[in-house]
Amino acid sequence: MTVKRDVSETFKQGKILLPEFFERDPVLCARDLIGVTLVHGPCRGRVIETEAYHGIGDPACHLFTRPSVRSLAQEFPVGTAYVYLNYGIHWLVNVLCRDRVTGASGFVLFRALEPLAGMEEMEQRRGLTIKEKLCSGPGKLTQAMGINHSQNTRSLLIDPEFCLSRNPAEPSPLTTVDRRIGISCAKDLLWRFLEAGHPGVSVPPGRAR
DNA sequence: AAGAAGATCAAT
DNA sequence: TTGATCTTCTTG
């Protein structure tokens, strides 16, 4: 009797990121998450845009303005998803980081994905079929992926149904750095990371105020 | 108890 | 440029 094994599928899915990945400065985590795959159920997307939010020296970070988020960062391990409702309408998903050396916490906000699988679900939830627009913004990607408050405080490092994975054989993409989008303070920090030249990002580099 | 601000999006 | 819509935090 032979064991059925779909090697190509395993290869495609990659390996779930380890806690060590997130035990670094949030800015490094944000940069290195470009090219990683975000998985939720049948939906998968390549991360093409992120932003770092830092517990130290960054007044735009929720760790500065929301005591409840400070508690979350203390009570949960790295790799935990922080999902919150923005403008009463959009769910935004972050992952928790904590620098092993400095002890500083922070988050990486997922801002855009290139859809890889589960496109039918994405199209249905978004009411669109244009691939480049399915996940081209932080609110859009959560809607497309079906991520909401029920994923808040859930680990992204354990369950293959909700995780960040990387194919070790795949080379890291060329990334671009830019200012963050939509914030009213700490605007000059170059803490937005994009896959260079990718058409599916939320706002092209150079257009942030 | 009430008010303000906010890491967005799609339509006008 | 605006309206939709609601959680969190601050102020009285």
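Excluded from the calculations below are hydrogen atoms, water molecules and symmetry mates; all remaining heavy atoms, backbone and side chain alike, are included. Numbers restart at 1 for each chain; the letters A, B, ... are given by sequence-line order, proteins then strands.
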Self-check item: Length of the line joining A/H90:NE2 and C/dA4:P, which is rounded to integer Å
Solution: 13 Å

Practice problem: Fit a plane to each ring of A/Y82 and A/H62, take the angle between them on a 0 to 90° scale, and name the class: parallel (under 30°), tilted (30 to 60°) or perpendicular (over 60°). | Solution: perpendicular

Quiz item: Is any side-chain N of the basic residue among A/E195 and A/R46 closer than 4.0 Å to the acidic one's carboxylate O?
Solution: yes

Quiz item: So, is A/H62 close to the B/dA7 phosphate, meaning a side-chain N or O under 4.0 Å from OP1 or OP2?
Solution: yes

Practice problem: With the side chain of A/R126 defined as its heavy atoms from C-beta on, choose the nearest nucleotide among C/dT8, B/dT8, B/dA10. | Solution: B/dA10

Quiz item: For B/dC9, does OP1 or OP2 lie under 4.0 Å from any side-chain N or O of A/K133?
Solution: no

Quiz prompt | Any A/R192 side-chain N or O less than 4.0 Å from OP1/OP2 of B/dA7 | solution = no

Exercise. Check every atom of B/dG6, B/dA7, C/dT5 against the side chain of A/S184 and return the nucleotide holding the closest atom.
Key: B/dG6

Quiz item: Could you state the interatomic distance from CG (A/L134) to CG (A/L141), rounded to the nearest 0.5 Å?
Solution: 11.0 Å

Exercise. Tell me which nucleotide among B/dG6, B/dA7, B/dA10 gets nearest to the side chain of A/Y87.
Key: B/dG6

Quiz prompt | Whole angstrom value for the distance that separates P of C/dT8 from CG of A/N86 | solution = 12 Å

Quiz prompt | Value in whole Å for how far the P atom of C/dT5 lies from NE2 of A/H149 | solution = 17 Å

Quiz item: Looking at CG of A/D159 and CZ of A/R154, how far apart are the two atoms once the value is rounded to the nearest 0.5 Å?
Solution: 5.0 Å

Quiz prompt | Rounded interatomic separation in angstrom, taking CZ from A/R180 and C1' from B/dT8 | solution = 16 Å

Exercise. Please report, rounded to the nearest Å, how far the P atom of B/dA7 is from the CG atom of A/L194.
Key: 19 Å

Practice problem: Using whole Å, report how far CZ of A/F64 lies from P of C/dT8. | Solution: 21 Å

Quiz item: Between atom CG of A/L189 and atom CD of A/E51, what is the distance when rounded to the nearest 0.5 Å?
Solution: 10.5 Å

Quiz item: Of the candidate nucleotides C/dC9, C/dT7, B/dA7, which contains the atom at the shortest distance from the side chain of A/I183?
Solution: B/dA7

Quiz item: Roughly, in whole Å, what's the span from OH in A/Y84 to C1' in C/dT7?
Solution: 11 Å

Practice problem: Determine which nucleotide pairs with C/dT1, using a 3.5 Å limit on both distances of a Watson-Crick or G-U wobble pair. | Solution: B/dA11

Quiz item: Can you check side-chain hydrogen bond (donor to acceptor under 3.5 Å, both in side chains) on A/H40 and A/E161, steps first, answer last?
Solution: CA-CA 5 Å; A/H40 184 220; A/E161 293 292 300; over 6 Å; no

Quiz item: Counting side-chain heavy atoms from CB outward, which of B/dT8, C/dA4, B/dA7 is closest to A/I89?
Solution: C/dA4

Practice problem: Pick base, sugar-phosphate or nothing for A/R111, based on heavy-atom distances below 4.0 Å to the nucleic acid. | Solution: sugar-phosphate

Self-check item: Gap between atoms OH and P, on A/Y82 and B/dG6 respectively (whole Å)
Solution: 14 Å

Practice problem: Remember a base hit wins even if backbone is also touched, and classify A/G139 as base, sugar-phosphate or nothing at under 4.0 Å, heavy atoms. | Solution: sugar-phosphate

Self-check item: C/dC9 phosphate, OP1 or OP2, under 4.0 Å from A/S68 side-chain N/O
Solution: yes

Quiz prompt | OP1 or OP2 of C/dC9 under 4.0 Å from side-chain N/O of A/T65 | solution = no

